[in-house]
Amino acid sequence: MKYTGIIMIVVGALALVFSYLSDRYLGSGTVDYNWIQGIPMLLIIAGLVVHIIVSRKAVK
């Protein structure tokens with residue numbers, strides 16, 4: 001539970017990198033769809049919020 005936010009951020013970043021690499025080298029066209037880019041972005045933002053909340057609870 002302690003590292004949930006960090007894991008969410010890493011998974012979102014890896015999804016964006018994989019999307020870019022598959023478009024660049026495989027020609028899949030994944031960067032043309034906003035939902036494919038939006039879901040990892042929301043995952044990164046949610047992971048940041050979760051990490052802040054969990055770290056504040058750990059301090060108290």
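Remember, it's a predicted structure, so these values are computed and weren't measured experimentally. Start at 1 with the first residue, then count along the sequence.
Every residue meeting the side-chain contact (heavy atoms from CB on, under 4.5 Å) condition with Leu21, not counting sequence neighbours, appears here in chain and number order: Val17, Tyr25. Legend: residues meeting side-chain contact (heavy atoms from CB on, under 4.5 Å) with Ile53, ordered by chain and number and at least two apart, are Val49, Lys57. With sequence neighbours excluded, the residues that form a side-chain contact (heavy atoms from CB on, under 4.5 Å) with Leu48 are Ile9, Ile52.
Identified under the side-chain hydrogen bond (donor to acceptor under 3.5 Å, both in side chains) test for residues 1-19, with sequence neighbours left out: Ser19-Thr30, Ser19-Gln37.
Across Met8 and Val50, no two heavy atoms sit closer than the pair SD-CG2, 4.3 Å. When all heavy atoms of Pro40 and Leu16 are compared, the pair lying nearest together is CB-CG, 3.7 Å.
Ile7 and Met1 fall into different hydrophobic clusters, where Ile, Leu, Val, Met, Phe, Trp and Tyr residues are linked whenever their side-chain heavy atoms come under 4.5 Å apart, directly or through other members.
Atom OH of residue Tyr20 and atom OG of residue Ser28 lie 12.0 Å apart, to the nearest 0.5 angstrom.
Residues Ile36 and Val31 are not in side-chain contact: their nearest non-hydrogen atoms beyond the backbone lie 4.5 Å or more apart.
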